[in-house]
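The block underneath contains the structure these notes are about, expressed in structure tokens.
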Amino acid sequence: MTQACVTAPFGRRSAPVRSIERSGPYTFLRALDAAGPKPRAGQFYMLQTARGWGGGDDGRPYLPRALSFARVEQVNGGLELTYFLESVGPGTARLAACATGEELLIAGPFGNGFDLDRTRPPVLVAGGVGLAPIVALDDKIRKTDGARSTVLVGMRDGERAAAITKFGVECGIATEDGSAGHAGYVTALLERELEDGHDSTVYACGPPAMLEAVRALCSEREVPCQLALESGMACGYGACYGCVVPTVDGYARLCVDGPVLPGDKLETAIVKGAGH
Amino acid sequence: MTQACVTAPFGRRSAPVRSIERSGPYTFLRALDAAGPKPRAGQFYMLQTARGWGGGDDGRPYLPRALSFARVEQVNGGLELTYFLESVGPGTARLAACATGEELLIAGPFGNGFDLDRTRPPVLVAGGVGLAPIVALDDKIRKTDGARSTVLVGMRDGERAAAITKFGVECGIATEDGSAGHAGYVTALLERELEDGHDSTVYACGPPAMLEAVRALCSEREVPCQLALESGMACGYGACYGCVVPTVDGYARLCVDGPVLPGDKLETAIVKGAGH
Amino acid sequence: MYGGPVKIFGAELAHPVVNGSGTFDALAARRVFGEQLDARFPFAAYVSKTITLEPRPGNPPPRLWELGQGMINSIGLPNKGLARFIEEDLPAYAMLPAPLIVSVMGFSGDELAAAVEALGERSEILAFELNFSCPNVETGNIVGSSPEETAAMTSLLRGRTEKPLIAKLSPSSARPDQIALAAEQAGANAVSLINTLPGMAVDPSGGGPWLGGGGGGMSGPAVRPVALAQVSRVAEAVEIPVIGMGGVSCGRDAREMLDAGATLVGVGTENFRDPAAGERILAELRELNQSSVERK
Amino acid sequence: MYGGPVKIFGAELAHPVVNGSGTFDALAARRVFGEQLDARFPFAAYVSKTITLEPRPGNPPPRLWELGQGMINSIGLPNKGLARFIEEDLPAYAMLPAPLIVSVMGFSGDELAAAVEALGERSEILAFELNFSCPNVETGNIVGSSPEETAAMTSLLRGRTEKPLIAKLSPSSARPDQIALAAEQAGANAVSLINTLPGMAVDPSGGGPWLGGGGGGMSGPAVRPVALAQVSRVAEAVEIPVIGMGGVSCGRDAREMLDAGATLVGVGTENFRDPAAGERILAELRELNQSSVERK
Ligand SMILES: Cc1cc2nc3c(=O)[nH]c(=O)nc-3n(C[C@H](O)[C@H](O)[C@H](O)COP(=O)(O)OP(=O)(O)OC[C@H]3O[C@@H](n4cnc5c(N)ncnc54)[C@H](O)[C@@H]3O)c2cc1C
Ligand SMILES: Cc1cc2nc3c(=O)[nH]c(=O)nc-3n(C[C@H](O)[C@H](O)[C@H](O)COP(=O)(O)OP(=O)(O)OC[C@H]3O[C@@H](n4cnc5c(N)ncnc54)[C@H](O)[C@@H]3O)c2cc1C
Ligand SMILES: Cc1cc2nc3c(=O)[nH]c(=O)nc-3n(C[C@H](O)[C@H](O)[C@H](O)COP(=O)(O)O)c2cc1C
Ligand SMILES: Cc1cc2nc3c(=O)[nH]c(=O)nc-3n(C[C@H](O)[C@H](O)[C@H](O)COP(=O)(O)O)c2cc1C
Ligand code: FES
Ligand code: FES
């Protein structure tokens with residue numbers, strides 16, 4: 001995997017919330033980044049609110065939270081970054097409670113991002129909030145490159161499946177409760193897709209169990225895959241050594257050596273303590 | 001000083017905010033106490049918000065905050081307690097930021113309260129937020145006993161002096177900036193009052209320097225005085241031994257042996273770490 | 001099953017929740033809250049504030065400093081001394097609806113021995129807690145942070161009473177297990193930990209320590225990770241029961257202490273935020289039985 | 001005057017703010033932030049992550065646990081070992097715009113001595129920090145919590161290099177001053193403290209430790225009161241300079257460390273919340289000069 005060619009502004013910077021929309025359990029948070037470079041699909045930012053970061057039942061959140069950007073648009077005054085998140089704990093809850101105009105502190109973009117192989121048809125697979133970097137990659141493929149991609153999305157239920165239509169991404173859908181699209185896991189859609197898609201490359205982001213299923217499937221079919229993993233992060237820029245995941249070459253810091261790792265570098269995508 | 005005859009419900013209890021009004025730097029916070037007994041003027045409560053208690057820059061507030069009640073009224077469903085406060089740190093700032101309907105957790109009433117001597121004309125002296133228990137005592141004297149009292153109030157500036165008119169308490173005013181009433185300290189008013197008021201009892205609450213001036217003046221004039229002091233409190237009910245002030249009989253826990261102390265029990269009303 | 005009766009020191013306690021010494025004055029609380037306190041007494045056994053042979057005024061104010069997740073205190077063991085404790089407090093404590101554990105401290109072995117001896121046969125007392133670890137008095141934490149001195153002190157006192165002895169250990173050690181073992185070998189019947197961590201706060205108006213005692217002891221949720229680490233390490237090392245405390249503020253925290261190997265759980269600073277904290281924590285702990293299937 | 005140049009180890013540092021070992025990987029940061037990092041390098045001297053003679057993978061994940069006012073880490077000193085450090089990292093560190101302090105740790109005196117000897121004359125290095133106090137490796141914190149062992153280790157290394165030695169003390173002691181004195185008498189040129197406090201977190205899904213290493217080390221604002229207490233106690237006891245750290249997250253915190261007697265201030269966990277924390281804290285510290293009339 002090549003290193004990210006995008007360097008981040010040093011330090012953290014103020015980014016006002018331009019809009020915030022909630023749909024079911026999901027939040028679409030848009031912030032203005034006046035100073036950052038255009039990020040690469042699959043890169044992420046470390047976010048915190050400027051005020052009231054902390055104060056949950058146990059005093060958390062304390063550390064910033066890693067969020068992939070889902071969409072980036074050039075607007076007056078900088079870049080508008082769209083984050084896509086689900087409130088699963090004190091950090092995401094606080095971010096989801098932001099008001100328009102409120103000040104975020106962001107650092108990034110961090111991480112390597114996807115390494116798009118333009119010689120092979122891209123198959124994009126997302127689960128839950130893992131959709132964020134997949135939307136970014138799909139935007140890049142379609143809007144920037146003007147090429148085509150196949151997007152497969154797994155959601156827990158119909159409410160979640162309905163929420164993501166806001167992104168306007170053309171995709172195949174699977175829901176666990178069967179309320180929309182295929183009833184079951186998104187990996188069933190991927191399996192079907194790969195039946196006659198041996199020449200494609202798979203790009204995936206989602207919960208550990210999904211990523212592991214994708215990895216195993218791709219490994220079996222000998223299809224290259226790139227997996228955007230998650231792990232607990234304190235810093236996001238290689239300082240703490242806290243975010244490691246085991247790879248065939250030993251532990252890798254997910255924030256600087258990832259978050260996107262080639263499937264063949266992993267023995268498993270399930271890492272204790274990562275995901276929900 | 002006799003012990004408070006009012007016992008508090010054991011534990012802390014939920015009290016919804018019925019209304020909150022801000023005027024200048026002051027906040028009038030009204031809460032419904034469905035379960036507590038009628039408190040005695042000079043008693044106080046320990047308050048915290050049910051949610052978001054904590055989250056200031058350094059994570060505070062963590063402990064509950066002591067507030068005297070300023071007014072108590074029987075309403076449908078219990079007692080309506082009026083607190084009168086100024087935001088001087090994370091705890092009072094959080095309380096001042098409450099919304100109507102929000103849930104407070106309160107414990108109390110705690111402390112002894114004023115020991116009203118009905119045989120001597122009462123002179124009530126307040127400084128700043130020290131007005132709270134003075135309003136309560138004045139209410140008791142006028143509304144409950146149907147008697148008369150003299151109330152003298154010192155405020156820093158005209159904005160503060162204007163704010164307290166909401167209480168509708170008839171009083172002599174002094175402001176430090178001279179924008180209302182006597183220009184200077186309230187103790188000047190007290191001095192004048194005591195010139196031909198040797199038979200009165202003084203009841204006072206305010207910043208340490210004011211209380212000390214009141215104490216010294218009363219001691220000189222041989223007028224009995226009762227001073228409602230402040231000190232940092234963790235618990236409010238005698239558990240932590242943290243709130244002590246030195247008296248002629250040794251350290252006294254202000255929360256159970258006070259907050260009202262007779263002037264002649266003190267060598268000074270100035271205690272390191274108390275007040276602002 | 002969390003929150004059920006606990007056999008300890010030959011007695012059966014109704015449940016595992018007790019108070020940390022010095023964090024709940026049952027006599028003051030009874031004055032403030034009246035008889036409800038007896039009806040809803042929040043602790044299965046009551047641990048008195050530490051007493052000393054001679055009366056002590058305690059440290060000058062300010063005695064408190066608030067932290068984002070806890071506090072620092074410099075109380076300094078104010079107490080009326082052994083004689084008045086026996087005369088005034090012991091009879092009152094005896095009327096509490098929970099067995100009494102008396103916490104004692106001394107500035108020398110002789111002092112401690114004298115206190116334990118004077119109280120050693122009183123039927124009002126279930127056990128003694130030996131406070132080897134108060135950071136708020138000059139020599140407080142020194143004894144407790146040395147295995148040798150902890151053992152020596154415990155042996156000395158072991159000869160003075162038949163009653164169970166609980167050694168309250170110092171948290172200021174890389175090897176709390178060795179201190180606990182030393183106490184156990186010297187005849188302690190239980191250990192309790194952690195006491196407050198020595199800490200300091202600076203006067204915000206600039207320069208100098210805020211607290212009247214100079215330094216103080218840190219407590220509350222901020223110290224809970226330290227407490228859990230020490231309790232689990234100590235519980236692995238010793239056979240005698242462990243009374244685990246430090247930052248416990250809800251049922252889940254109590255369960256973590258029990259899972260770490262504690263037999264009883266002490267609630268300290270949380271009493272200040274909620275006078276009925278012990279009662280609430282017990283109720284929450286018991287509720288976790290319903291969800292205990294979740295456990296691995 | 002806060003925030004001005006500091007003379008130490010025969011060098012003049014531009015200001016008193018340095019990083020805590022293991023909390024800022026300057027080489028990774030340069031890759032992530034590019035050349036701006038050199039232009040705005042946030043530390044007056046750069047302290048490397050602790051290295052050991054042999055390479056270490058570090059502890060299994062999870063390695064992090066968040067607290068309300070800090071975190072617990074169980075990183076476990078991952079590093080490429082001395083040989084690759086010399087070959088790959090030392091030349092890169094030499095290009096940083098700040099003098100280099102190399103943190104070393106060993107599982108025996110011989111191991112530590114070998115590392116110090118191999119690096120002892122390298123001109124890229126200003127000084128060594130001897131990590132006697134890592135809670136994340138079996139024996140890490142034991143040496144540092146004993147004055148005798150700290151002295152023995154320091155003496156051993158004193159013979160192997162002319163360069164200044166900084167002993168990084170254990171916070172797990174009731175008498176950090178005695179440990180510091182032992183290090184001073186054995187030839188240390190400075191002491192640094194505090195390292196992380198041993199702590200533990202429980203897996204919220206029920207039972208067992210959360211961290212891959214079992215326990216971990218607590219850091220961040222939650223430990224600042226402990227750090228202040230120990231720094232001020234140590235600074236009173238020794239003549240050599242003290243590098244004070246533990247929970248420093250703003251200029252006011254840095255000032256309190258300096259007021260407590262520290263010569264340099266280390267910034268650790270706050271780097272994770274703000275990559276340019278060092279720069280900000282220095283700026284805030286300097287701003288306090290304006291308001292320093294407030295000081296008593
Ligand atoms: C590179 C990257 C990109 C990401 N992109 C997105 C995105 O686009 N959208 C999105 O929604 N999410 C994204 N995530 C995940 C997101 O960062 C986490 O969901 C978030 O950090 C959770 O924070 P929280 O405070 O809400 O929950 P936490 O409370 O931090 O919960 C996270 C998990 O940590 C554990 N935990 C519980 N208590 C603690 C504690 N005290 N300390 C530490 N761990 C604890 C639990 O296992 C819990 O399930 C991304 C993560 C990474 C690494
Ligand atoms: C019996 C009683 C009755 C009271 N009644 C009223 C009332 O009716 N109305 C009212 O407005 N106020 C009242 N007070 C005062 C009120 O309790 C305090 O103003 C309040 O507790 C301050 O909390 P805070 O978080 O806003 O400020 P804090 O930050 O707690 O500031 C209080 C003071 O503590 C010091 N301090 C700063 N940092 C810390 C720290 N980390 N830890 C500890 N101390 C620190 C400073 O000296 C500061 O000025 C009363 C107090 C008592 C004891
Ligand atoms: C205000 C205060 C006073 C205390 N007094 C004593 C004491 O007298 N004797 C003692 O052994 N421990 C004393 N402690 C320590 C507690 O019993 C307990 O060990 C410690 O606070 C940790 O528990 P916590 O975090 O739940 O408070 C005191 C703690 C506080 C906060
Ligand atoms: C993630 C992490 C890794 C650390 N690694 C090291 C290390 O390798 N060597 C060392 O001496 N200290 C290490 N420390 C300790 C810090 O240098 C510092 O002493 C401690 O964190 C207290 O400072 P803080 O509260 O500002 O973080 C580490 C701390 C953290 C949080
Ligand atoms: S998050 Fe800190 S090194 Fe990766
Ligand atoms: S506030 Fe705790 S004893 Fe008074």
Side-chain angles (χ1 to χ4, degrees), chain B residues 3-13 37 43 46 48 53-65 89-91 105-112 231-246 249-257 270-274 276, chain C residues 19 22-42 49 55 57-79 203-205 210-212 216 219-222 268-269 271-280:
Chain B
Q3 271 299 320
C5 38
V6 182
T7 64
F10 182 49
R12 63 187 182 190
R13 57 196 182 273
Q43 284 195 294
M46 298 298 283
Q48 55 200 297
W53 191 248
D57 282 342
D58 55 2
R60 298 190 303 140
Y62 165 72
L63 297 165
R65 293 298 193 263
L105 298 176
I106 68 171
F110 292 144
N112 52 6
S231 76
M233 291 188 175
C235 71
Y237 65 97
C240 74
Y241 281 78
C243 60
V244 295
V245 298
D249 306 323
Y251 291 130
R253 278 175 293 181
L254 203 66
C255 66
V256 286
D257 301 328
I270 295 179
V271 180
K272 185 169 177 256
H276 284 272
Chain C
N19 65 301
T23 64
F24 194 87
D25 179 335
L27 305 182
R30 197 198 259 147
R31 282 201 303 277
V32 171
F33 298 115
E35 287 174 8
Q36 312 153 74
L37 182 71
D38 295 317
R40 291 168 56 192
F41 197 75
K49 179 147 186 75
N59 289 334
R63 290 181 172 183
L64 301 174
W65 179 258
E66 186 187 49
L67 304 172
Q69 288 282 299
M71 56 180 280
I72 314 179
N73 83 78
S74 131
I75 308 297
L77 303 187
N79 77 96
D203 187 338
S205 73
W210 168 260
L211 294 167
S219 64
T269 304
N271 294 317
F272 306 155
R273 287 161 40 102
D274 178 3
E279 184 186 59
R280 172 175 51 79

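- In this structure, C235(B) SG and N271(C) CG are separated by 9.0 Å, a value rounded to the nearest 0.5 Å.
- Counting heavy-atom pairs closer than 4.5 Å to chain B, the top residue among A39(C), G58(C), P221(C), P62(C) is P62(C).
- Proximity of R60(B) to M71(C): side-chain heavy atoms (C-beta onward) are nowhere separated by under 4.5 Å.
- Contact of the V32(C) side chain with the V256(B) side chain is registered, since non-hydrogen atoms from C-beta on lie closer than 4.5 Å.
- A distance of 7.5 Å separates CG of L63(B) from CG of L64(C), quoted to the nearest 0.5 Å.
- Under the ring pair (Phe, Tyr, Trp, His ring centres under 6.0 Å) criterion, Y251(B) pairs with no residue, sequence neighbours left out.
- Between chain B and the residues L37(C), L67(C), N19(C), L27(C), the largest count of heavy-atom pairs under 4.5 Å involves L67(C).
- Without hydrogens or angle criteria, R273(C) side chain to P64(B) main chain gives no donor-acceptor distance under 3.5 Å.
- Put simply, the side chain of E66(C) does not reach to within 4.5 Å of the side chain of D58(B), judged on heavy atoms.
- Using a 4.5 Å cut-off between heavy atoms, W210(C) touches chain B through backbone and side chain atoms alike.
- Residue with the most contacts toward chain C among G91(B), G55(B), C243(B), P61(B): P61(B) (heavy-atom pairs, distance under 4.5 Å).
- With rounding to the nearest 0.5 angstrom, the CZ atom of R253(B) is 10.0 Å from the CZ atom of R63(C).
- Counted by atom type alone, D25(C) and Y237(B) present zero donor-acceptor pairs between their side chains at under 3.5 Å.
- Note: F272(C) CZ to M46(B) CE = 10.5 Å, rounded to the nearest 0.5 Å.
- Contact tally against chain B (heavy-atom pairs below 4.5 Å) for G268(C), A26(C), G34(C), P61(C): the top residue is P61(C).
- Heavy-atom pairs under 4.5 Å with chain B peak, among P57(C), G70(C), P78(C), at G70(C).
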Derivation of the ring-ring contact (aromatic ring centres under 6.0 Å, His included) call for F41(C) and F10(B)
CA-CA 10 Å; F41(C) 197 75; F10(B) 182 49; 8.3 Å; no
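- Side-chain contact check for Y241(B) versus I75(C): some heavy-atom pair is nearer than 4.5 Å.
- Each of G232(B), A107(B), C240(B) has some count of heavy-atom pairs under 4.5 Å with chain C, and the biggest count is that of C240(B).
- Remark: R13(B) engages D33(B) in a salt bridge (Lys or Arg N to Asp or Glu O under 4.0 Å) (not counting sequence neighbours).
- Contact detail for T269(C) and Y62(B): the closest heavy-atom pair is CG2-OH, 3.5 Å.
- Although no hydrogens or angles enter the test, the distance criterion places a donor-acceptor pair under 3.5 Å between the side chain of Q36(C) and the main chain of A8(B).
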